**Student:** 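One structure follows; several queries about it will come next.
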Amino acid sequence: MELTTILVSYNTRHLLDECLAALHAAEAAIGGGAVVVVDNASRDGSAEHLATDHPDVTLVRLPENVGFGRANNAALPHVHTPFVLLLNTDAFMTPDSLQRSLDYLRAHPRCGVLGARLLNRDGSPQPSARRFPTPWNVFLMQAGLQRWFRGTPRIDPGDWDFDRPQECDWVPGCYYLMRKSVIDEVGLFDPRFFLYAEEVDLCRRVKNAGWQVHYFPDAHVVHLGGESAKADGEVNATRQIDHLSIESSLLYFRKHHGRLGLAAHVLLEGLAALLVGLRDWWRQHDRRRLASGLRRWAALLGLLRATAFGSRPTR
C-alpha cells in the first residue's frame with residue numbers, strides 16, 4: 001500500500017458516497033489504499049453514516065470545527081504510506097487519476113506537491129495552476145487593472161498551456177498529492193489558517209525547502225466548491241467566508257511579506273475598493289458597489305486589529 005487519502009468532512013454527508021466511490025475506483029488501479037476521514041463536528045450525521053456504511057475508512061471525530069488545515073493535521077498520526085493525498089469531499093476524480101499521478105511523481109523526484117486539472121460539473125475549467133499572491137498583483141486583480149500592467153505575473157496566468165504538465169507556485173487543496181517525506185521535512189498546514197491560504201502557505205514552504213510544485217493535467221477532478229459553507233445558510237456563510245478570507249490574507253502577507261508587505265496590502269485593498277466603487281458609480285450611478293467595497297475594507301481594518309496586525313488568528 002503506497003497511498004493514504006485524507007478527507008475532511010463538514011456537513012457533507014450528501015457527497016460522501018459519491019466521493020468515496022470515485023476514490024475507491026481510482027484506488028483499485030493502484031492496488032488499494034488507506035482512507036482517513038476527519039469529521040469536523042458535522043451536524044448532518046456524516047460521522048454516523050461513515051461508521052455504518054463505510055467501516056473500511058479510519059474515522060477521526062473532532063469535538064468542534066477546527067478548520068480545514070487543523071483537521072488535516074489531525075489525520076497525520078494515521079498516515080504510514082510514502083504518498084499522501086488531500087482530497088475534498090466535493091471532489092470526484094476519474095478512475096485513472098491516481099495511477100497517472102503516482103507514475104508522474106515517481107518520474108519527477110523533486111516534485112513534492114502535485115495538483116490536478118480541476119473542472120466544473122459541466123466540464124468547464126477551474127483555476128488549477130496558480131502563482132503566489134503579492135499585495136500588488138492582488139490589487140491589480142481586484143481593481144481590474146491587470147491589462148495595464150502586463151509585466152506583473154498574474155495569480156491565474158492566462159499565457160500558460162494547461163494541457164502540459166509544468167511547475168507552478170501553488171495548486172488548490174481539493175486534490176493535493178504529496179510525498180510523506182516532504183511532510184516530515186516541512187510539516188503539513190500552519191494551524192493559524194482556519195480556512196483559505198493554508199495550501200498557498202504550504203506550497204511556499206515546500207518550494208523554500210528546495211522541492212517543486214507541479215500541475216498535472218492528466219489527472220481530471222470534478223470539483224464543486226463551497227458545499228460545506230452551504231450548511232450554515234447562504235447569507236451567514238457568505239459573510240463568514242468573506243471574513244475568513246480577509247483574515248487569512250492578513251496572516252499570509254504578514255508571514256511571508258513582513259510588516260511592510262502587510263501595510264501595502266491593507267492600503268491597496270482600500271484603494272481597490274475605492275476605485276471600483278467610483279468606477280461603478282460613474283458608469284452606472286450605482287452607489288452600492290462603493291458602499292460594499294468600503295464595508296469590506298472596514299472589516300479588514302477590524303480584523304487587522306483583532307489579529308494583532310496579522311500575527312495571530314482569531315479562532
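All residue numbers refer to positions in the sequence shown, counting from 1. All values reported here derive from a predicted model rather than from experimental measurement.
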**Student:** Check side-chain hydrogen bond (donor to acceptor under 3.5 Å, both in side chains) between Ser311 and all other residues, then give those that pass, not counting sequence neighbours.
**Tutor:**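 None.
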**Student:** According to ring pair (Phe, Tyr, Trp, His ring centres under 6.0 Å), who are the partners of Trp160, at least two apart in sequence or on a separate chain?
**Tutor:**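 For Trp160 there are no ring pair (Phe, Tyr, Trp, His ring centres under 6.0 Å) partners, ignoring immediate neighbours.
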**Student:** Count I, L, V, M, F, W, Y as connected when their side-chain heavy atoms are under 4.5 Å apart, and connections chain through other members. Are Val84 and Leu76 then in the same cluster?
**Tutor:**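 Yes, one cluster joins them.
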**Student:** Can you list everything that forms a side-chain hydrogen bond (donor to acceptor under 3.5 Å, both in side chains) with Thr94? Sequence neighbours excluded, please.
**Tutor:**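 If we apply the side-chain hydrogen bond (donor to acceptor under 3.5 Å, both in side chains) test to Thr94, skipping adjacent residues, the hits are Asp96, Ser97.
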**Student:** Please enumerate all residues that pass side-chain contact (heavy atoms from CB on, under 4.5 Å) together with Ser248, with sequence neighbours excluded.
**Tutor:**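 Here the qualifying residues are Phe193, Tyr196, Ala197.
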**Student:** Assess whether a salt bridge exists between Asp163 and Arg117, defined as any Lys/Arg side-chain N lying under 4.0 Å from an Asp/Glu carboxylate O.
**Tutor:**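 A salt bridge links Asp163 with Arg117.
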**Student:** Under a single-linkage definition using a 4.5 Å side-chain heavy-atom cutoff for Ile, Leu, Val, Met, Phe, Trp and Tyr, are Val221 and Leu20 assigned to the same hydrophobic cluster?
**Tutor:**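 As far as the 4.5 Å side-chain criterion goes, Leu20 and Val221 are connected within one cluster.
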**Student:** With a 4.0 Å cut-off, would you call Glu167 and Lys207 a salt bridge?
**Tutor:**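 A salt bridge links Glu167 with Lys207.
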**Student:** Could you tell me which residues satisfy side-chain hydrogen bond (donor to acceptor under 3.5 Å, both in side chains) with Glu247, sequence neighbours excluded, listed by chain and number?
**Tutor:**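 For Glu247 the side-chain hydrogen bond (donor to acceptor under 3.5 Å, both in side chains) partners, ignoring immediate neighbours, are Thr314.
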**Student:** Taking side-chain contact (heavy atoms from CB on, under 4.5 Å) as the test, write out the residues that go with Thr4, two or more places apart.
**Tutor:**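 side-chain contact (heavy atoms from CB on, under 4.5 Å) check on Thr4 returns Ala34, Val36, Val79, Thr81.
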**Student:** Arg305: what forms a side-chain contact (heavy atoms from CB on, under 4.5 Å) with it, not counting sequence neighbours?
**Tutor:**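 Result, side-chain contact (heavy atoms from CB on, under 4.5 Å) vs Arg305: none returned.
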**Student:** With sequence neighbours left out, which residue pairs that include part of residues 55-81 fulfil the ring pair (Phe, Tyr, Trp, His ring centres under 6.0 Å) condition?
**Tutor:**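 For residues 55-81: Phe68-Phe189.
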**Student:** By ring pair (Phe, Tyr, Trp, His ring centres under 6.0 Å), which residues pair with His214, not counting sequence neighbours?
**Tutor:**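 Tyr104, His108.
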**Student:** Please name all residues satisfying side-chain contact (heavy atoms from CB on, under 4.5 Å) with Arg110, sequence neighbours left out, ordered by chain then number.
**Tutor:**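 In terms of side-chain contact (heavy atoms from CB on, under 4.5 Å), with neighbours along the sequence ignored, Arg110 is linked to Trp211, Gln212.
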**Student:** Who pairs with Tyr252 by ring pair (Phe, Tyr, Trp, His ring centres under 6.0 Å), at least two apart in sequence or on another chain?
**Tutor:**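 So Tyr252 forms a ring pair (Phe, Tyr, Trp, His ring centres under 6.0 Å) with His256.
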**Student:** Does atom CZ of Phe162 have more than 12 heavy-atom neighbours from other groups under 6.0 Å away?
**Tutor:**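 Yes - once you tally the heavy atoms of other residues, nucleotides and ligands closer than 6.0 Å, there are more than 12.
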**Student:** What residues form a side-chain hydrogen bond (donor to acceptor under 3.5 Å, both in side chains) with His54, not counting sequence neighbours?
**Tutor:**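 With sequence neighbours excluded, His54 shows a side-chain hydrogen bond (donor to acceptor under 3.5 Å, both in side chains) to Asp17, given in chain and number order.
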